[in-house]
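Residue numbering restarts at 1 for every chain, and letters A, B, ... go by the order of the sequence lines.
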Amino acid sequence: MFVRGLKRKCFDGEEDIEGTLAGIKAIPSYNLQRQSLLDMSLVKLQLCHMLVEPNLCRSVLIANTVRQIQEEMTQDGTWQMINTQSTGQASLDRLVSTDILCRSSREQAEEKHVPSYGTFNKDFDGDQGQDSSETMSTASSVQAPRNLQGNVWEMENPQENKGNFQKSLDQIFETLENKSPNSVEDLFSEVDNSYYDLDTMLTGMMSNTKMGHCDGLETFSSPTNTASNSNCKSDLNELDHIVEILVES
Amino acid sequence: ADIISTVEFNYSGDLLATGDKGGRVVIFQREQENKSRPFSRGEYNVYSTFQSHEPEFDYLKSLEIEEKINKIRWLPQQNAAHFLLSTNDKTIKLWKISERDKRAEGYNLKDEDGRLRDPVRIKELRVPTLKPMDLMVEASPRRIFANAHTYHINSISVNSDYATYLSADDLRINLWHLEITNRSFNIVDIKPANMEELTEVITAAEFHPQQCNVFVYSSSKGTIRLCDMRSSALCDRHSKFFEEPEDPSSRSFFSEIISSISDVKFSHNGRYMMTRDYLSVKVWDLNMENRPVETYQVHEYLRSKLCSLYENDCIFDKFECCWNGPDSTIMTGSYNNFFRMFDRNTRRDTTLEASRESSKSRAVLKPRKVCTGGKRKKDEISVDSLDFNKKILHTAWHPTENFIAVAATNNLYLFQDKVN
């Protein structure tokens with residue numbers, strides 16, 4: 001069975017929408033699509049740790065895609081926007097790096113300097129009451145100096161999965177080389193990407209999908225599907241509004 | 001039956017080897033010409049089956065090593081026995097397949113059932129005689145080439161000198177001598193000093209069919225490098241670099257992924273090479289590095305579905321491609337058990353399906369068509385109805401005749417040209 005979503009407008013700008021969705025849903029903005037692709041890629045990278053050594057070619061290609069998205073986001077200035085939205089629960093590392101980013105954002109844009117891929121955080125807080133803006137912030141410090149990064153990429157135990165965990169793209173490759181047994185523990189079950197529902201992504205239910213991921217990672221039983229994703233609605237308009245304000249300022 | 005992971009005809013085309021995910025090799029042999037059954041020529045029957053590789057466990061890394069056979073390559077036949085190389089992710093093995101159809105009888109020191117005879121009882125000597133027996137095909141491992149690859153082996157290629165061969169993994173290519181198992185030479189190494197800087201891997205490699213000093217390797221960035229082993233011992237610097245400039249209008253986040261080359265094959269005449277990337281097959285003239293001479297779209301209708309194909313990982317499928325004997329037609333697989341053939345002279349292409357329903361014995365295959373938009377005609381299949389779990393990754397073409405082998409998941413299909 002092919003994954004649903006063939007009738008949706010696809011990411012890469014193809015204008016061919018075969019059959020509009022029932023009820024006119026807004027075509028997701030380019031930024032949103034890009035964000036969802038970034039999220040999907042990060043999850044793929046993370047989940048490619050199994051009992052058998054992960055496919056290096058696939059990992060490299062996904063990592064390159066992530067880098068590409070990040071570069072573009074940095075040039076757009078979107079990167080910094082998302083960073084500034086991280087709130088309370090952020091660790092000190094994140095705050096410091098965000099600060100650096102904000103200060104140097106203009107210089108970065110001018111130099112066209114692409115920061116090396118530092119840590120990025122996924123806020124996997126399972127709290128349903130999460131502000132949609134917070135769960136939107138997928139990435140943080142890019143320019144973070146290496147010595148600030150406390151955490152090497154580690155997969156927490158299922159019990160701790162609700163907390164934040166940082167990972168570094170660079171360290172992913174190191175981990176690929178020297179697999180830490182810890183990371184394997186959680187991943188005995190077959191990787192099933194179906195839970196990561198692109199449709200949900202593109203129709204704007206960003207944060208919900210993240211929740212879905214969270215559940216999937218924690219339980220590792222049959223991955224959650226769209227059912228659990230549709231619980232909380234993200235307030236996209238509010239988010240766009242916030243982004244707009246920040247851009248103007 | 002297990003999922004077939006490689007298919008390969010031998011040099012004469014009389015034998016067809018398949019490797020599967022369970023580490024088994026099955027060899028089919030072509031039926032000989034037989035007057036009583038005039039149509040039997042062309043049928044392939046099982047000749048030998050053996051377990052080539054077993055699953056292993058790397059204790060150092062706490063990782064399993066799959067027994068799946070990634071590639072089989074035959075050696076040219078030099079005596080009555082047949083030799084082939086089979087490889088999984090880490091170890092290459094040289095197998096000898098030989099026939100035994102006679103056995104000796106009349107030993108002096110042992111009975112017919114093998115029990116030792118009491119020497120005191122032996123009163124006279126006799127010469128053992130050879131008596132015919134039922135044909136037995138034995139496969140025995142003659143060489144095991146192990147511990148030379150840190151990363152997963154994706155290709156092996158026998159050199160035209162018939163004495164050496166290369167094995168390629170994601171980051172390195174090694175040169176072996178068929179007789180020597182405890183030593184191999186590293187001829188390409190693209191591993192960066194800092195693994196964090198890794199952005200490109202080797203995806204396939206092959207020796208030139210006639211020039212024993214030349215080989216090519218393809219990368220995940222859509223480039224092919226031709227190396228000459230005469231120029232230096234370590235071929236990190238290429239002699240030729242083949243890359244088609246990117247079309248800026250079609251650039252997307254998936255551009256790099258779909259440009260990744262999954263297979264590279266020299267033509268039989270050694271003047272061209274063919275590369276397969278996700279959506280197309282390209283033919284390159286070895287004397288022209290800046291672009292291919294021919295490009296064939298395999299399933300262009302998937303270009304607008306790349307996002308979904310990325311989500312379900314299909315975009316990472318590695319399709320192979322092959323030439324026919326005269327290098328006039330090329331073949332490659334697609335989804336929904338479709339495979340495609342492109343005639344280089346007439347520029348005509350055909351889509352055929354390998355499935356039980358459409359492949360009754362002796363029936364002519366009906367060309368298939370995928371409907372890309374608008375009204376679907378009768379007999380056409382729409383893109384949305386394609387089954388992406390039915391992928392044809394491995395195909396092989398008989399070296400001299402129009403006979404093809406198509407592996408559809410765990411089934412092997414053999415097709416031949418319509419005989420009038």
Side-chain angles (χ1 to χ4, degrees), chain A residues 1-16 18 33-34 36-38 40-41 44 50-65 67-69 72 116-117 168-174 176-181 184 191 193-194 196-199 201-202, chain B residues 57-58 60-66 89 150-152 154 169-171 192 194-203 219-221 250-258 260 262 303-316 318 335-336 372-374 382-389:
Chain A
M1 282 300 281
F2 189 56
V3 172
R4 332 187 274 295
L6 284 172
K7 292 189 177 171
R8 312 301 195 248
K9 174 181 168 159
C10 193
F11 200 116
D12 27 3
E14 184 76 28
E15 289 294 358
D16 181 33
E18 289 177 315
Q33 291 179 340
R34 185 175 59 185
S36 72
L37 183 64
L38 179 64
M40 198 196 324
S41 306
K44 276 184 185 297
M50 300 165 70
L51 264 174
V52 183
E53 214 165 349
N55 186 334
L56 188 63
C57 181
R58 177 178 173 272
S59 306
V60 167
L61 288 173
I62 298 173
N64 289 352
T65 309
R67 235 179 241 127
Q68 206 185 324
I69 296 173
E72 203 184 276
S116 65
Y117 201 102
S168 148
L169 186 61
D170 309 320
Q171 282 146 344
I172 286 172
F173 286 117
E174 277 184 28
L176 284 176
E177 261 215 305
N178 330 302
K179 254 274 304 270
S180 72
V184 170
V191 174
N193 286 331
S194 62
Y196 199 97
D197 195 338
L198 185 66
D199 298 343
M201 220 50 53
L202 293 181
Chain B
F57 195 77
D58 182 340
L60 207 59
K61 294 189 196 173
S62 279
L63 290 171
E64 275 184 11
I65 298 172
E66 281 189 314
D89 283 340
T150 311
Y151 303 96
H152 292 178
N154 54 53
D169 66 29
D170 294 316
L171 298 177
N194 189 353
M195 272 298 269
E196 298 162 2
E197 293 160 9
L198 180 66
T199 57
E200 190 174 11
V201 300
I202 297 170
T203 52
S219 83
S220 56
K221 287 197 172 170
S250 66
R251 174 139 190 85
S252 75
F253 284 121
F254 305 109
S255 293
E256 186 183 312
I257 300 179
I258 63 168
S260 174
S262 51
R303 193 179 287 274
S304 55
K305 316 288 180 202
L306 290 179
C307 208
S308 305
L309 293 165
Y310 179 69
E311 186 196 9
N312 64 14
D313 264 12
C314 280
I315 208 174
F316 300 108
K318 293 192 187 304
Y335 293 104
N336 208 71
T372 51
S382 73
V383 184
D384 298 342
S385 315
L386 293 175
D387 188 342
F388 286 79
N389 290 320

Among B:S219, B:S262, B:S220, which residue meets the side-chain contact (heavy atoms from CB on, under 4.5 Å) test with A:C57? B:S220
Minimum heavy-atom separation for [X] and [Y], please, with both atom names.
X	Y	answer
B:F316	A:I62	CZ-CG1, 3.5 Å
A:E72	B:F253	OE1-CZ, 3.4 Å
A:R67	B:E196	NH2-O, 3.7 Å
A:Q68	B:R251	NE2-NH2, 2.9 Å

Could you check if a side-chain atom of [X] sits within less than 4.5 angstrom of a side-chain atom of [Y], using non-hydrogen atoms only?
X	Y	value
B:D170	A:V60	no
B:L198	A:L56	yes
B:F254	A:L37	yes

Between B:E256, B:K221, B:K318, who has the most heavy-atom pairs with chain A when the cutoff is under 4.5 Å? B:E256
Using 0.5 Å steps for rounding, measure from the CZ atom of A:R58 to the CD1 atom of B:I315. 11.5 Å
Contact origin within B:L60 toward chain A - heavy atom pairs under 4.5 Å: neither
